[in-house]
Amino acid sequence: MMAEASFDLAVIARALPFLLEGLALSLILTGVAMIGGIVLGLGLAIVRLSGRPMLAALAAAYVNGFRAIPLVLVLFWFYFLVPLLLGQAVGALHAALIAFVLFEAAYYSEIIRAGIQGIRRGQWHAALASGLGYAQTLRFVILPQAFRTMLPLMITQAVVLFQDTSLVYVISLRDLMTSASIVANRDNRLIEIYVFVAVIYFLICATGAFWAGRLRQGRTE
């Protein structure tokens, strides 16, 4: 059955609570994956820069491995294979959170590693010469500067991450896009719902891109 030709805003109003629930899940996934990815990515980046060949090789294998496979496959792994290994179900939401954190860590690791490497070696030498240890130098001197440099790229990655949350439909989680599909098909109002959802995605992603651009511009001025 084809959707009616007229654009009915009342359809959007009626579906709004349902769509907002889906949007909340998308934002939760984005926030948790971003924070978890940065924390784990920081550890991976430090290990890769530690000068210990064996550990660096393992961290590099992790990063390159996850960057070489699609996110949807990682979701399938944690939703279908991990329960088989553990002998118990982990649930769709937990599977998605774990998959997103591990996947995003590979990308944030590369951003953080590049940010640390972008700090001049003189900063390291000066901090170490002043009596700070390696960890103190990293924590108090290098990382604060590196994170200011990395922030635009981190926001850009978060925008990509928010868009990628729409993949959770493959494990039956009801994010914004899945909610929109349910309402559009249930009410036979494809145009209204998909236009509205496109506007939501555009506003959130454009806002993120705007702030990333402002931060990048401010750094170069």
Side-chain angles (χ1 to χ4, degrees), residues 1-38 66-80 89-108 111 151-216:
M1 183 185 297
M2 295 294 292
E4 296 177 19
S6 60
F7 195 93
D8 186 2
L9 290 175
V11 173
I12 298 173
R14 287 196 299 272
L16 195 56
F18 190 75
L19 295 174
L20 289 178
E21 289 179 10
L23 176 61
L25 177 63
S26 297
L27 293 175
I28 289 171
L29 283 173
T30 301
V32 173
M34 182 180 180
I35 294 171
I38 289 173
F66 272 98
R67 286 166 60 91
I69 56 178
L71 175 57
V72 67
L73 185 56
V74 181
L75 284 168
F76 277 131
W77 279 354
F78 283 92
Y79 187 61
F80 293 110
V90 297
L93 179 58
H94 288 107
L97 290 172
I98 294 169
F100 270 96
V101 167
L102 295 180
F103 188 84
E104 289 301 316
Y107 286 86
Y108 278 115
I111 294 173
L151 197 53
L153 285 175
M154 287 183 166
I155 294 175
T156 300
Q157 181 62 30
V159 170
V160 175
L161 167 60
F162 174 69
Q163 295 169 340
D164 285 346
T165 58
S166 61
L167 292 174
V168 296
Y169 79 92
V170 299
I171 56 174
S172 304
L173 274 180
R174 189 166 60 78
D175 72 314
L176 176 59
M177 194 62 209
T178 305
S179 300
S181 298
I182 292 171
V183 174
N185 288 291
R186 182 193 66 194
D187 298 345
N188 194 32
R189 306 299 304 200
L190 306 185
I191 295 175
E192 290 89 340
I193 298 301
Y194 286 131
V195 167
F196 176 72
V197 169
V199 170
I200 296 296
Y201 272 103
F202 172 79
L203 289 176
I204 293 175
C205 294
T207 301
F210 171 78
W211 283 111
R214 285 290 299 270
L215 290 169
R216 193 177 293 111

Tyr194, OH atom: more than 12 neighbouring heavy atoms under 6.0 Å: yes

Pairs of donor and acceptor atoms involving the side chains of residues 92-104, under 3.5 Å and at least two apart or interchain, shall be tabulated with distances.
unit_1: His94; atom_1: ND1; unit_2: Val90; atom_2: O; d: 3.3
unit_1: Glu104; atom_1: OE1; unit_2: Gln157; atom_2: NE2; d: 2.9

Selection residues 194-208 - residue pairs positive for salt bridge (charged side-chain N to carboxylate O under 4.0 Å, His left out), sequence neighbours left out: none

Counterpart residues, side-chain contact (heavy atoms from CB on, under 4.5 Å), relative to Ala10 (two or more places apart): Asp8, Arg14

Note, Leu161 side chain near Tyr107 side chain (heavy atom, < 4.5 Å): no

Closest non-hydrogen atom pair between Ile12 and Glu192, with its separation: CD1-O, 3.7 Å

Side chain to side chain donor-acceptor pair (under 3.5 Å) partners of residues 23-33, not counting sequence neighbours, each pair once: none

Any side-chain heavy-atom pair of Ile193 and Val11 under 4.5 Å: yes

Can you give me every donor-acceptor pair (side chain of residues 67-74, partner residue at least two apart or in another chain, under 3.5 Å) with its distance?
none

Sequence-distant partners of Phe162, ring pair (Phe, Tyr, Trp, His ring centres under 6.0 Å), two or more places apart: Tyr201

Residues that Phe196 engages under ring pair (Phe, Tyr, Trp, His ring centres under 6.0 Å), provided they are two or more places apart: none

Which atom of Ala209 lies closest to which atom of Val159, heavy atoms considered: N-CG2, 4.2 Å

Leu20 side chain near Leu176 side chain, heavy-atom distance below 4.5 Å: no

All ring pair (Phe, Tyr, Trp, His ring centres under 6.0 Å) counterparts of Phe210, not counting sequence neighbours: none

Ser179: side-chain hydrogen bond (donor to acceptor under 3.5 Å, both in side chains) partners, not counting sequence neighbours: Arg174

Residues that Ser166 engages under side-chain hydrogen bond (donor to acceptor under 3.5 Å, both in side chains), provided they are two or more places apart: none

Phe80: ring pair (Phe, Tyr, Trp, His ring centres under 6.0 Å) partners, not counting sequence neighbours: Phe76

Thr156: side-chain hydrogen bond (donor to acceptor under 3.5 Å, both in side chains) partners, not counting sequence neighbours: none

Heavy-atom closest contact (Phe66 atom, Ala106 atom, distance): CB-CB, 3.7 Å

